[in-house]
2 protein chains.
Amino acid sequence: MLEEDLILQQLLNEDDILTEKQKKIIVAAIESFSEKGFAATSTSEIAKKAGVAEGTIFRHYKTKKDLLLSIVAPMMAKLLAPFILKDINKVLDRQFETYEDFLRAMVENRREFLVKNLPIIKIMLQEIPFQPELREQFKEHVAKDTFRRFATLVEHYQAKGQLIEMPSMSAVRLSASAIFGFLLARYLIVPEIEWDDETETERTIQFVMHGLSRKA
Amino acid sequence: MLEEDLILQQLLNEDDILTEKQKKIIVAAIESFSEKGFAATSTSEIAKKAGVAEGTIFRHYKTKKDLLLSIVAPMMAKLLAPFILKDINKVLDRQFETYEDFLRAMVENRREFLVKNLPIIKIMLQEIPFQPELREQFKEHVAKDTFRRFATLVEHYQAKGQLIEMPSMSAVRLSASAIFGFLLARYLIVPEIEWDDETETERTIQFVMHGLSRKA
DNA sequence: CGAAAAAATGAGTGATTACTCACTTTACTT
DNA sequence: AAGTAAAGTGAGTAATCACTCATTTTTTCG
């Protein structure tokens, strides 16, 4: 799988136009932003951690906020990654016979994405409420794209008689709550406790299926 | 219902020892912290909004962080409020015959709490990752107290044969994901879209019940 | 190589930061 | 009303902030 899930790698290889110092700046910024928060991190601190002069940061990014956006923005586009499986409705039948199969694939897909990009995701979640640009991007990508595609997909399985009738928006919301509630608890809220990943994953999927499938 | 759900009122009446100026400081701080974030809010800004001299803030609070903690800390204790409904184990049978009844009561209870204290809750969620004191309080109250009481309650309904056998921790996690996923989406993430509250609430409860109850 | 361009530097900018303190105003007690 | 304690003030503090820019270093390429 040469899937480019690692946003960091993607950031650092962008167009091959990034200098070594610039890469170090990005790495240092991600570390500091995720640990202390954007507003509480100073540019001098980033420069020191990156081993560059403070002026170098502003040679590549007009402002500190610019640096933040250059890190977080690529994240947004990737949020809908699991739904770009080409022409959804047509390929779906062969790829995922049941909603359950789809759910299972999505949990694993998003789990890998989350684990690989944890610090950037933390920054994103922290700053979305305060950066209008990020809020807008989030609504664009998540609300419009991802959510709608997810909904289309649910309608597909409803039409096949697998899922109970219910506004697809609600079905998506319930599915997403269960899945991301699990992933967030597992990797962000209480990662320090012992988790039986396989069991909890399966339980979560079965929980959703019991809640949404036609044949109880 | 003279339930003291409003943390703000509680803060302002504390011991009757708060001066008028101090109350204005708290109100102004809550507003600024929730809008711009703790680190991005200056004490001069709070003073201006409160209509007091900047020195007055530091007469009552040693540091800016002290002010933050005095606002958010009382929140924590209230997070487990729905579980202090008198002596759980004993009153339970007569109060909530079914898990469904309990869920319904909890959703309404937490919904009111969330709506009434939205700004303070936003501040809390934002700052928990960065303030060790808050992290600790959160784990103490939520993990130890609330989660455990919730689990005890689930075990009660499992023993009555209403819920399927499953580690109570998992059942609590799944229930909480669905409920708080709903409430967060409704009031924090996308409050601007139209919600049919009654229908969505009921759907959420039924979703949990289908996922966890014995008789499908 | 050598010249031009790009990258990097770090001292310096004014503004802003959280916080202090000597002092004034207000409130309370008798 | 006088005396005392608490509350409030705002100019002042050193530190730090994001950002600039003249200069130096490195890279590119004919």
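A note on names: the letters A, B, ... follow the listed sequences, proteins ahead of strands, and every chain is numbered from 1.
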What donor-acceptor contacts under 3.5 angstrom involve side-chain atoms of residues 187-194 of chain B, with partners at least two apart or in another chain?
from: Tyr187(B); atom 1: OH; to: Arg111(B); atom 2: NH1; distance (Å): 2.9
from: Glu192(B); atom 1: OE2; to: Lys139(A); atom 2: NZ; distance (Å): 2.3

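Distance Lys21(B) NZ to dA27(C) C1': 14 Å, rounded to the nearest Å. We find that CD1 of Ile46(A) is positioned 18 Å from P of dG10(C), with the value rounded to whole Å.
If you find the closest nucleotide of DNA chain C to Lys65(B) and to Arg59(B), the one lying nearer the 5' end belongs to Lys65(B).
The side chain to side chain donor-acceptor pair (under 3.5 Å) test applied to Ser42(A) returns Ser44(A), not counting sequence neighbours. The side chain to side chain donor-acceptor pair (under 3.5 Å) test applied to Thr41(B) returns no partner, not counting sequence neighbours. Applying the salt bridge (charged side-chain N to carboxylate O under 4.0 Å, His left out) test to Arg104(A) and every residue at least two apart in sequence or in another chain returns Glu100(A), Asp101(A), Glu202(A). When the side chain to side chain donor-acceptor pair (under 3.5 Å) test is applied to Glu127(B), the partners found at least two apart in sequence or on another chain are Gln131(B). Considering only residues two or more places apart in sequence or on other chains, Asp66(A) meets the side chain to side chain donor-acceptor pair (under 3.5 Å) condition with none of them.
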Start with the C-alpha distance between Phe150(A) and Phe102(A), add both sets of side-chain angles, then the distance that settles ring pair (Phe, Tyr, Trp, His ring centres under 6.0 Å), and finish with yes or no.
CA-CA 11 Å; Phe150(A) 200 156; Phe102(A) 162 72; 5.8 Å; yes
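Within the structure, the ring pair (Phe, Tyr, Trp, His ring centres under 6.0 Å) test picks out the following pairs touching residues 19-40 of chain A (sequence neighbours left out): Phe33(A)-Phe38(A).
Nucleic acid contact for Thr56(B): base, since at least one base atom lies under 4.0 Å from a heavy atom of the residue.
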Scan nucleotides 15-18 of chain C against the protein and return all N/O pairs shorter than 3.5 Å with their distances rounded to 0.1 Å.
from: dA18(C); atom 1: OP1; to: Thr41(B); atom 2: O; distance (Å): 3.2
from: dA18(C); atom 1: OP1; to: Lys64(B); atom 2: NZ; distance (Å): 3.0
from: dA18(C); atom 1: OP2; to: Thr43(B); atom 2: N; distance (Å): 2.9
from: dA18(C); atom 1: OP2; to: Thr43(B); atom 2: OG1; distance (Å): 3.0

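Interface limits on DNA chain D: the 5'-most and 3'-most nucleotides within less than 4.0 Å of chain B heavy atoms are dA7(D) to dG10(D).
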